[in-house]
Number of protein chains: 2
Amino acid sequence: MTHPYYPVDLDLPGYVGPVIPFQQVLAYFFSGCGVLFAITWVLAGRYKKLERVEKITASWFAMTGMVHFIIEGYVVLNSEFWRDSSGGVLPEIWKEYSQADSRYATRDPFVISMEAITAFVEGPACFAAVYGTLHRKPWAWTLQIMISLGQIYGDVLYYATTVLEGLIHSRPEWLYFWFYFVFVNAIWIAIPSCVIYNAATRISAAVASQQRSLTGKQS
Amino acid sequence: MTHPYYPVDLDLPGYVGPVIPFQQVLAYFFSGCGVLFAITWVLAGRYKKLERVEKITASWFAMTGMVHFIIEGYVVLNSEFWRDSSGGVLPEIWKEYSQADSRYATRDPFVISMEAITAFVEGPACFAAVYGTLHRKPWAWTLQIMISLGQIYGDVLYYATTVLEGLIHSRPEWLYFWFYFVFVNAIWIAIPSCVIYNAATRISAAVASQQRSLTGKQS
């Protein structure tokens with residue numbers, strides 16, 4: 001079967017077309033994310049002292065950690081997902097998404113390196129961030145900033161590399177280029193920026209407070 | 001003239017060989033770094049209250065910021081440095097270094113994207129970190145962590161991409177592969193790791209101190 005990926009002359013022998021409709025793939029992905037966020041939100045409600053922004057932050061890290069570890073981890077470990085005929089949701093997600101970026105199918109060294117770090121370093125770090133945020137560990141804001149900066153940096157490089165290569169890896173249709181490639185990835189710039197803003201503000205307040213109390217003691 | 005870069009079949013028409021000896025290039029680079037570090041160290045001495053580790057950190061960010069902004073900025077903006085016959089130290093540095101990694105000469109999209117962010121985002125951020133560290137701004141440790149994580153992430157991707165491509169971009173000699181490619185780049189993993197460790201420890205102490213004082217006030 002001829003593959004749908006761009007550029008059209010990519011050689012992917014043994015490509016297997018979508019086994020389940022793409023609407024179903026999208027429904028699994030977005031409802032999976034929503035359910036994860038909701039579960040963490042409910043669990044976070046048991047930590048009575050937490051502010052709303054702390055509960056939202058914990059829920060975000062639970063969700064994004066699962067996306068990194070399971071979905072992105074899958075594509076790092078399964079280089080031939082585009083030959084999969086099982087109808088499993090993970091290969092189907094990547095067969096669908098590769099229409100927005102064929103570098104997953106062709107195993108672009110940068111994309112695979114970036115995804116490996118995202119899945120197996122940032123993923124587990126997200127779960128630590130959930131724990132640290134719920135329990136108000138003194139290192140929680142620092143870890144939030146480090147993960148978020150990693151997400152933003154990876155994403156900016158992800159955009160920049162494909163622009164330098166002439167945007168040749170995406171199908172031109174609105175759904176693939178604008179929605180999957182531009183919009184869905186932009187979420188991992190927008191939300192991490194908010195997380196960094198919040199965490200950096202909190203840290204600066206804590207450091208300033210400590211500086212005042214140390215100056216007060218000395219004088 | 002035939003170029004010395006690997007893989008040997010790279011097409012670089014108009015390549016100009018080294019104009020000044022490589023020992024002189026290395027001497028410029030390392031003594032330039034040393035002088036910059038020393039100048040900031042002396043200037044930091046005027047801030048009497050600073051601890052030694054704060055002065056070292058400020059000097060490190062002054063040095064690495066200049067390396068990012070000037071040396072790495074040069075290679076981002078000058079794609080044909082390997083045709084340069086002026087004998088300027090910047091093109092000579094990159095002609096020499098490209099023997100350790102020809103992706104600079106061939107404008108690899110990942111390497112150029114990563115260097116652009118390093119030069120023009122992390123570079124100026126380093127100068128802000130020098131100011132913030134010398135003046136003990138409450139945001140200084142956060143900024144130190146963000147820059148350092150960016151340096152580590154860029155460097156890990158830099159190693160990982162070339163490993164995935166089969167280490168084909170470096171000449172095999174000890175000087176190019178082990179010293180330039182492995183060792184010199186490893187400095188930007190080792191030192192940023194120390195910076196993160198120090199800054200994260202300080203932040204956690206400040207947050208814990210604030211948490212204790214808030215709990216104390218409430219009880």
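Heavy atoms only: backbone and side chains are in, while hydrogens, waters and symmetry mates are out. All chains are named by letter (A, B, ...) in the order of the sequence lines, taking the proteins before the strands, and each is independently numbered beginning at 1.
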Do you know which of B/A200, B/G154, B/A140 has the most heavy-atom pairs with chain A at a distance under 4.5 angstrom?
B/G154
Please report the interatomic distance OG(B/S148) to CG(A/L149), rounded to the nearest 0.5 Å.
10.5 Å
Decide yes or no on side chain to side chain contact (heavy atoms under 4.5 Å, CB included) for B/Y153 and A/M146, but give the supporting numbers first.
CA-CA 10 Å; B/Y153 192 11; A/M146 292 177 70; over 6 Å; no
Under a 4.5 Å heavy-atom cut-off, does chain A meet the side chain of B/I196, its backbone, both or neither?
side chain
Verify side chain to side chain contact (heavy atoms under 4.5 Å, CB included) between A/I203 and B/W141, making sure each step is shown before the conclusion.
CA-CA 9 Å; A/I203 288 173; B/W141 289 324; 5.9 Å; no
How far does CG of B/L214 sit from OG of A/S209, to the nearest 0.5 angstrom?
7.0 Å
Tightest non-hydrogen contact, residues B/A208 and A/P138, listed as CB-CG, 4.0 Å
What distance do B/T161 atom OG1 and A/D108 atom CG have between them, rounded to the nearest 0.5 Å?
9.5 Å
Inspect the surroundings of CZ in A/F179 and state if more than 12 heavy atoms from other residues, nucleotides or ligands are less than 6.0 Å away.
yes
What are the two closest non-hydrogen atoms of A/Q211 and B/R136, and how far apart are they?
NE2-O, 2.9 Å
To the nearest 0.5 Å, what is the distance between OH on B/Y158 and OG on A/S113?
13.0 Å
Should we count OH of B/Y159 as having more than 12 external heavy atoms under 6.0 Å?
yes
Part of B/R107 within contact of chain A (heavy atom distance under 4.5 Å)
neither
Classify the ring geometry between B/F110 and A/F110 as parallel (under 30°), tilted (30 to 60°) or perpendicular (over 60°).
parallel
Determine the minimum heavy-atom distance between B/L164 and A/P109, stating which atoms define it.
CD1-O, 3.5 Å
Report, as yes or no, whether the 6.0 Å neighbourhood of atom OH on A/Y74 holds more than 12 heavy atoms from other residues, nucleotides or ligands.
yes
Of B/I145, B/T201, B/T142, which meets side chain to side chain contact (heavy atoms under 4.5 Å, CB included) against A/T142?
B/I145
Flag the one option from B/G150, B/A205, B/A199 with the top tally of heavy-atom pairs under 4.5 Å to chain A.
B/G150
